[in-house]
There are 2 protein chains.
Amino acid sequence: MMRRNTVQRRAIRRVLEEAGRPLGALEMLEDSKRYAPRLGIATVYRSIKALVAAGSVAVVELPGEPPRYEAAGKGHHHHFRCEFCGKVYELGGCLGGLKDLLPRGFRMTSHELLLHGRCPACAK
Amino acid sequence: MMRRNTVQRRAIRRVLEEAGRPLGALEMLEDSKRYAPRLGIATVYRSIKALVAAGSVAVVELPGEPPRYEAAGKGHHHHFRCEFCGKVYELGGCLGGLKDLLPRGFRMTSHELLLHGRCPACAK
DNA sequence: TTATTTTTGATATCGTATTATCAATATCAT
DNA sequence: ATGATATTGATAATACGATATCAAAAATAA
């Protein structure tokens, strides 16, 4: 798998990079049609799977929603979800003091933070 | 709905309170069988729905998993998920400085934080 | 207790996201 | 350009959490 360089896979990869934010499978399908008009949803899922397995795409799971995907290798960061348009944005930076929240006996290996609100486009 | 006080609903409510941590529908089914042995999953879902609608139970959504439920009215808090046993625990307290993570133009209305790691029982 | 109405439990059905199927097509080595 | 084969797209099939169905059982009123 992933042996050949097809227009579809190039389109999917490109869209993910251009978006700069995590996209769901349907979003990827829509956006990719700009570069590969006859793209089907099956190919989107197949490509996601291959790209994730190859390590070039990361899965972004948000509560209560199907997974989204973003280009891998961005370093530690969190996300913001606009409760109006549903788009998810990437946030820079993080917070300290997380260990203070742990009760005795618990060991933390990672964490995730999600902010909710309105994005600039929906704030007006 | 919720007009009668049945052993099933008492069992479900009781299990949620005794757990002190968010439970999924199947967990609730299992635990409740102690008090209502012939309990069925349909009744669990029906009771959850009614209790949530009544405001006495809160939904806890975690990334990539079906929702869990906890007794309502606990005030702001976050959760810890043990990556070994999958149990979710309640954490006290919160963090400041969240607004610093927001880019210009974004408005935050809420947030959620999830810590991953091992619970005391799985840490050894 | 009896009658009335809600609730239950077993299970069929649904909804949605994802995967499998397979003939047609595109890619790449030659 | 040709042939071998990986890939695609349409869509059927699947997975699974949640809901709908409905006869039987349980709870409350009388």
Side-chain angles (χ1 to χ4, degrees), chain A residues 1-16 19 22-54 56-70 79 81 86-88, chain B residues 1-16 19 22-54 56-70 79 81 86-88:
Chain A
M1 190 162 269
M2 291 265 351
R3 272 178 271 250
R4 291 182 181 177
N5 189 10
T6 67
V7 297
Q8 290 86 348
R9 290 207 273 250
R10 261 175 284 139
I12 288 167
R13 240 197 284 246
R14 179 169 178 182
V15 157
L16 261 193
L23 300 180
L26 276 314
E27 280 180 302
M28 292 169 69
L29 175 65
E30 281 318 302
D31 293 6
S32 298
K33 280 186 170 158
R34 179 173 164 189
Y35 305 120
R38 308 198 17 78
L39 182 65
I41 188 62
T43 297
V44 173
Y45 280 114
R46 276 187 294 242
S47 299
I48 289 172
K49 215 173 168 186
L51 291 168
V52 169
S56 59
V57 164
V59 183
V60 177
E61 297 269 15
L62 296 195
E65 313 206 0
R68 292 159 203 250
Y69 305 91
E70 66 183 7
H79 297 100
R81 181 177 185 280
K87 284 181 185 162
V88 173
Chain B
M1 191 163 267
M2 292 261 355
R3 272 178 269 250
R4 293 181 181 179
N5 190 10
T6 67
V7 297
Q8 291 85 349
R9 291 207 270 249
R10 262 176 282 139
I12 287 167
R13 240 198 283 248
R14 178 169 178 181
V15 156
L16 260 193
L23 301 180
L26 277 313
E27 280 180 301
M28 291 169 69
L29 175 65
E30 281 317 303
D31 292 6
S32 298
K33 280 186 170 156
R34 178 173 163 189
Y35 305 119
R38 307 198 20 78
L39 183 64
I41 188 64
T43 297
V44 173
Y45 280 114
R46 276 187 294 241
S47 300
I48 288 172
K49 214 173 167 186
L51 290 167
V52 169
S56 59
V57 164
V59 182
V60 177
E61 297 268 17
L62 296 194
E65 314 207 356
R68 293 160 203 249
Y69 306 90
E70 67 183 5
H79 297 100
R81 181 177 185 279
K87 283 181 187 162
V88 173

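Numbers restart at 1 for each chain; the letters A, B, ... are given by sequence-line order, proteins then strands. These figures come from a predicted structure and were not determined experimentally.
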Over all heavy atoms of both residues, which pair between E61(B) and P63(A) is shortest? Give the atoms and the distance, please. O-CB, 3.5 Å
Of all the choices, dT18(C), dG17(D), dT8(D), which nucleotide is nearest to the side chain of R9(A) once you look at every atom? dT8(D)
Where do G40(A) and L29(A) come nearest, in terms of heavy atoms and distance? C-CD1, 3.9 Å
Could you check if a side-chain atom of R68(A) sits within less than 4.5 angstrom of a side-chain atom of H79(A), using non-hydrogen atoms only? no
Heavy atoms, side chains only, cut-off 4.5 Å: are T6(A) and T43(A) in contact? no
In whole Å, what is the span from the CG atom of L29(A) to the C1' atom of dT11(D)? 14 Å
Atom CG of L16(B) and atom CD of E27(B): how far apart are they, to the nearest 0.5 Å? 10.0 Å
How long is the line joining CD1 of I12(B) and P of dT7(C), in whole Å? 13 Å
What string of B, S and - do you get for nucleotides 24-30 of chain D, 5' to 3', if B is base contact, S is sugar-phosphate-only contact and - is no contact with any protein heavy atom under 4.0 Å? --BBS--
Looking at R34(A), I'd like to know if its CZ atom is crowded, meaning that more than 12 non-hydrogen atoms belonging to other residues, nucleotides or ligands lie closer than 6.0 Å. no
Given atom CG of L23(A) and atom C1' of dA17(C), what is their separation to the nearest angstrom? 17 Å
Specify the closest pair of heavy atoms between A25(A) and V44(A), including all atoms of both residues, with the distance to one decimal. O-CG1, 3.7 Å
Between dG9(D) (C1') and M28(A) (CE): distance, integer Å: 17 Å
Y45(A) side-chain N/O to dT18(C) phosphate OP1/OP2 under 4.0 Å: yes
Would you kindly give the CZ-to-P distance between R13(A) and dT7(D), to the nearest whole Å? 12 Å
Taking all heavy atoms of S56(A) and all of R13(A), pick out the closest pair and write down the distance. OG-NH1, 4.3 Å
Measuring only between side-chain heavy atoms, which start at C-beta, is Y69(B) closer than 4.5 Å to V59(B)? yes
For residues 35-43 of chain B, which residues have at least one heavy atom under 4.0 Å from DNA chain C? R38(B), L39(B), G40(B), A42(B), T43(B)
With five pairs defining each end axis, the helix from dT1(C)-dA30(D) to dT30(C)-dA1(D) comes out bent, to 10°, by 40°
Shortest non-hydrogen contact from Q8(B) to A36(B)? CA-CB, 4.3 Å
If every non-hydrogen atom of S47(B) is compared with every non-hydrogen atom of R9(B), which pair is closest and at what distance? OG-CG, 3.6 Å
What is the distance, to the nearest angstrom, from the CD1 atom on I48(B) to the P atom on dT8(C)? 13 Å
